[in-house]
Amino acid sequence: ETGGQFWPKIFRRFVFGLIIAQATITGQFILKEARHEAYGTMILMCLTYFFLRSTRARYDAASYTLPLEVATVMDISVSQEEEARRRMQQQAEQGGQMQDGEIANDRSL
């Protein structure tokens, strides 16, 4: 168990391999004179690179300092808090609808 320390390295290498594969298919499209497909794949390569940069900017610092067990516990607690908030909102909405219905019934009497 490495605690997720290898994940940033694996992710970068995976995306680098993806870019290499896209460059290879772009070369094949150029050789087959499929210009539109080659342009589309070049754009895809750029988007893949920007995805790598944005992902690294967002998660690199946390992945180097935060152990996997702590991140898992934090993720579970955040999801539990979100679920509790959703329940409270649903109960508040249902309570508000009941009060509106009670007011309408009082007015009809």
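Quick note: numbers below take in every heavy atom, side chains included, and nothing from hydrogens, waters or symmetry partners.
- For Gln90, the side-chain contact (heavy atoms from CB on, under 4.5 Å) criterion is met by no residue, not counting sequence neighbours.
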| said: If you apply the rule salt bridge (charged side-chain N to carboxylate O under 4.0 Å, His left out), what do you find for Arg86 with Glu83, and how did you get there? | reply: CA-CA 5 Å; Arg86 269 191 242 120; Glu83 182 64 30; 2.7 Å; yes
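- How far CD of Gln91 is from CZ of Arg87: 8.5 Å, rounded to the nearest 0.5 Å.
- No more than 12 heavy atoms of other residues, nucleotides or ligands sit less than 6.0 Å from atom OH of Tyr49.
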Only pairs under 3.5 Å count here: list side-chain donor-acceptor contacts from residues 18-45, not counting sequence neighbours, and write none if there are none.
| from | atom 1 | to | atom 2 | distance (Å) |
| --- | --- | --- | --- | --- |
| Gln22 | OE1 | Thr48 | OG1 | 3.4 |
| Gln22 | NE2 | Thr48 | OG1 | 3.2 |
| Thr24 | OG1 | Ile20 | O | 2.9 |
| Thr26 | OG1 | Gln22 | O | 2.7 |
| Thr41 | OG1 | Glu37 | O | 2.8 |

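- The hydrophobic side chain of Met88 is isolated, with no ILVMFWY side chain under 4.5 Å apart from it.
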